[in-house]
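First comes the structure, then the notes that go with it.
Excluded from the calculations below are hydrogen atoms, water molecules and symmetry mates; all remaining heavy atoms, backbone and side chain alike, are included. Throughout, protein chains are lettered first and strands after them, A, B, ... in sequence-line order, and every chain is numbered starting at 1.
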Protein chains: 2
Amino acid sequence: MKTADPELMRAINRFHVMDAIRRFGPISRVEISQFTELSPTTVSAITAALLDDRLIIPIQEGALRDAGRGRPRVMLRLNPEAAFVVGVKLAPDQITVATTNFCADVLQSLTLPIRIDRQPAPVIADLVEDGVRQCVSDARLPMAKIAGICVGLPGIVERAAGVCRQSPIFSERDVNFGADLTKRLGVAVSIDSDVNLVTLAEHWFGQARGLNDFLVVSVEHSLGLGILHNGELFRGANGLSPDFGDVMVRPPGSGGGRLSAWASEASVLSEVEAALRGSGHEAAFRDGRGMALLLQLAAAGDQRCIGILASAGEALGFAIANLITLFAPPKVIVAGRAMAASAFFIGPLRETIAALVPASLADVAEIVVREWSDGIWGRGAAAMTLRDLYGAPWGTTGPAPNRGPLGLITGDSH
Amino acid sequence: MKTADPELMRAINRFHVMDAIRRFGPISRVEISQFTELSPTTVSAITAALLDDRLIIPIQEGALRDAGRGRPRVMLRLNPEAAFVVGVKLAPDQITVATTNFCADVLQSLTLPIRIDRQPAPVIADLVEDGVRQCVSDARLPMAKIAGICVGLPGIVERAAGVCRQSPIFSERDVNFGADLTKRLGVAVSIDSDVNLVTLAEHWFGQARGLNDFLVVSVEHSLGLGILHNGELFRGANGLSPDFGDVMVRPPGSGGGRLSAWASEASVLSEVEAALRGSGHEAAFRDGRGMALLLQLAAAGDQRCIGILASAGEALGFAIANLITLFAPPKVIVAGRAMAASAFFIGPLRETIAALVPASLADVAEIVVREWSDGIWGRGAAAMTLRDLYGAPWGTTGPAPNRGPLGLITGDSH
DNA sequence: AGATTTAATACGCATAGCGGATAAATACAA
DNA sequence: TTGTATTTATCCGCTATGCGTATTAAATCT
């Protein structure tokens, strides 16, 4: 039970101030006071402390000379050099690493196109460790300057415990990846569901800026679901991130009715491969060009391919419609690599959602399709770590990370 | 944006103290201090204020003379007479009203077996108004002593706005039932999904005491879903309570795949009625004895009836399995009137859940079947209102009800 | 240059929670 | 019976917080 003391009070308000500065770029104290509804006095006190700790910096000049009349407002912004963090994204066939500054600007990124799925966890940890060290070094930073690292990966992740319960990446279960990497790198490493990272990124920088409720559905090799609910990342009991692929979309009968068997790239590809067997396309699948081939054939009018994409879209639409019924989010962001952009997939998806969402919720949810750059994962991972550094006091996001009053901030903290 | 000031601090801590007193019966200040992790000094100050406002009272004597040695601890408990509230539950064929005290003990209850579904909203409001006045009068209380009223009803309810978006009770949509009754009765009336009431009741008094995550599924004329997540009632964006019956459990194809078409008593009965047409049982359905007949026939081995109950259980199991995938709750409470207790329904339900919950979540959720008394609705409605009176400051439960610092407490608030 | 206007801060106040000292109320022991 | 030990509850002083008012700072306008 969290007891409310003056310290918590200050933590809450400081977080609000930090959040206002992060969201509204260079911003004056008066504006912060308006946004946060804190008194100018309090804002002044808090920003003074933040300036003292060098978490924020005043903007030199060139301040907007607009209002004209009185004393000009001093604009404040995050100090990009206040801290640096590293974001890592693990996909079955690729490791992406990004080093960012305190504003979540990517300083340096690194992509390793390696198939890591079904590798033993220690091997993966080796690769991640090397990747992180390389990426940090490329950014001309010593490891000591890194204030935190976040690793995103598909599957069921228990962030609080730093444990990956199950993932297409790992053959093992209950991999304590967070603690392992923390020991290896000497920096606090948190792990989270990959979709949660991009959900936070969309919330901070993307299409859902300022939106307190929305869903993110990622369609990649496997399926991911991120939920922002009441301004917070949604997690199940014990902080478990749900695995969207495990949702049932069809009666169990033949072949399993889980979403992952219908709408993931893996399932679609294996279905197409089976359908095209003996037609001379084996090489394409072997080389990882299966999805491109599928989309190409569909565009050429191949009914089997169109049908496969359509059933995938319908199955996903079924699942999303149920989520809309539960969460009533005003926005749903669907994204992925290639398939998610195809009209043969998105069309049936949209139609299914429109048909299945209950009448009372019709038109509340806007469905947005989006293609992500590699960078967004890194920014999301950065955001996840920065959220803690900014001092979110009530976060259900993670455990109370036993750290000093000002976090793992590098440099002299006064 | 809520600004954190000393007042909020006190509100939070006062709520924690009230909550400890409510949960752990007569309790001493020291124990409160232990449970809340507040300093004894603070607990003393807060309890002094609560005593001053007569929200709590010291227990006279007969204190447990156990520890023996030092100064005996003074036990504190809620003052049952600090306030009185009324809970109302609307079902298609019945209105239940209960007057309770500050401890959510039912003082007087009243059941009106009236078919109200499809009556115009003003008529229903008339009936509710009369019922409330009657029940309050029976409890020998003047209306002025009632601090709040909560009405639970099936369907999609937007508690914050006091509006019922859609309900099997109302033929209209967007019924502003809360404001209407508030005007009629001169007492603050809130409305909520009926399942939310019983969810809160289970959390406060029932099988889920102290459990921060669980699901409640009610199987009555229609289906209801209540979710307690992270210790708070779960609501969709805008505070909308989802309607479980709108969840899809089968592909849309023929006849609609919504859960309400498979597993509600209404759907099961209509299916049975169709199956038995011409077999001389019409009277039973006309008189509302359809469910009893169905269960009786199933018990006698009628395969059609057993099959109907089984598909209902399987469909509900499908939906619950998906919820478990999302929320990972340690407990699921299934309840209702008659059908929910039948092994022909619960058996397939359990089997389906066991089969469909992903392996990684197997055995996390315990499925409990429970039959509710009429009283639980009233206690739940009372709890919902008392929650506000106790001063929950962060509640996503409702809007900030513009009221004095001590709520709608009757009597002299010093 | 002085008036005006707006931004930011200094000062004092009220309230919060907490720690140590103190009072209260009982059981135990001589 | 009286004194001591022990546990509970409160009193007092301390620090931290947010806020309101008055004050200073820094620009524009006249």
Side-chain angles (χ1 to χ4, degrees), chain A residues 1-17 20-21 26-52 56-76 391 393 405-406, chain B residues 1-17 20-21 26-52 56 58-76 391 393 405:
Chain A
M1 207 168 286
K2 230 177 300 185
T3 122
D5 50 11
E7 196 180 323
L8 175 69
M9 222 164 90
R10 193 49 174 274
I12 293 174
N13 289 334
R14 190 176 43 205
F15 179 76
H16 280 151
V17 169
I21 297 174
I27 183 179
S28 67
R29 292 174 175 80
V30 221
E31 292 167 295
I32 296 174
S33 169
Q34 290 161 4
F35 280 121
T36 59
E37 294 177 29
L38 290 165
S39 79
T41 308
T42 304
V43 172
S44 212
I46 291 177
T47 52
L50 294 174
L51 282 164
D52 201 44
I56 62 174
I57 47 178
I59 240 176
Q60 318 305 8
E61 45 233 302
L64 313 174
R65 302 255 44 73
D66 45 358
R69 194 70 164 176
R71 172 176 175 176
R73 24 185 85 171
V74 177
M75 305 307 260
L76 303 171
L406 283 162
Chain B
M1 207 167 288
K2 230 179 302 188
T3 120
D5 49 13
E7 195 179 324
L8 175 70
M9 223 163 92
R10 194 50 175 274
I12 292 174
N13 289 334
R14 189 176 45 206
F15 179 77
H16 280 151
V17 169
I21 297 174
I27 183 178
S28 67
R29 292 176 175 80
V30 224
E31 292 166 296
I32 297 175
S33 169
Q34 289 160 4
F35 280 121
T36 60
E37 296 177 27
L38 291 164
S39 78
T41 307
T42 304
V43 172
S44 212
I46 292 177
T47 52
L50 294 174
L51 282 164
D52 201 46
I56 62 175
I59 240 177
Q60 317 305 7
E61 45 234 300
L64 313 172
R65 301 259 42 76
D66 45 359
R69 193 68 165 188
R71 171 177 176 174
R73 25 185 84 169
V74 177
M75 305 307 260
L76 303 170

Nearest of D/dC19, C/dC18, C/dT26 to any side-chain atom of B/P72?
-> C/dT26
In whole angstrom, give the distance that lies between atom CZ of A/R10 and atom C1' of C/dA16.
-> 14 Å
Measure from the side-chain heavy atoms of B/T42 and tell me the nearest of C/dG17, D/dT7, C/dA16.
-> C/dG17
Could you tell me whether the side chain of A/S33 and the main chain of A/L38 form a donor-acceptor pair under 3.5 Å?
-> yes
Separation of D/dC14 P from A/E7 CD (nearest whole Å) | 21 Å
CD1 on A/I12 to CG on B/D5, rounded to 0.5 Å | 10.0 Å
Length of the CZ-P vector between B/R73 and C/dT26, whole Å | 14 Å
Whole angstrom is fine here: how far is it from CD in B/E31 over to P in D/dT7?
-> 15 Å
Once you round it to whole Å, what is the distance between C1' of C/dG17 and CD1 of B/I12?
-> 13 Å
Taking for each residue the nucleotide of DNA chain C with the nearest heavy atom, is it B/M9 or A/A45 whose nucleotide lies nearer the 5' end?
-> A/A45
Taking only the side-chain nitrogens and oxygens of B/T47, find out if one of them lies under 4.0 Å from OP1 or OP2 of D/dA9.
-> no
Of the listed nucleotides C/dA7, D/dT17, D/dT8, the one nearest the side chain of B/P6 | D/dT17
Nearest to the side chain of B/S28 - D/dC19, D/dA9, C/dA25?
-> D/dA9
Residues A/V30 and A/R73: closest non-hydrogen pair is CG2-NE, 4.2 Å
Taking atom C1' of C/dA8 as reference, at what distance in whole Å does atom CD1 of A/I56 sit?
-> 13 Å
Can you find a donor-acceptor pair, distance only, under 3.5 Å between A/T41 side chain and D/dG20 base?
-> yes
B/D5 has its side chain closest, among C/dG17, D/dG18, D/dA9, to D/dG18
Less than 3.5 Å between a donor and an acceptor, one on the side chain of A/R71 and one on the base of C/dA7, is that the case here?
-> yes
Of the nucleotides D/dC19, C/dA27, C/dG17, which has the atom closest to the B/N13 side chain?
-> C/dG17
Of the non-hydrogen atoms in A/T3 and B/T36, which two are nearest, and what is the gap between them?
-> CG2-O, 3.9 Å
Atom of A/A20, atom of A/I32 and distance for their closest heavy-atom approach = CB-CG2, 4.5 Å
To the nearest angstrom, the CG-P distance between B/L8 and D/dC19 comes to 11 Å
Starting from C1' on D/dG18, measure out to CZ on A/F15 and report it in whole angstrom.
-> 20 Å
Which of these nucleotides, D/dG18, C/dT5, C/dA8, is closest to any side-chain atom of A/V30?
-> C/dA8
Looking for any heavy atom pair under 4.0 Å, which part of the strands does B/V74 touch: base, sugar-phosphate only, or nothing?
-> sugar-phosphate
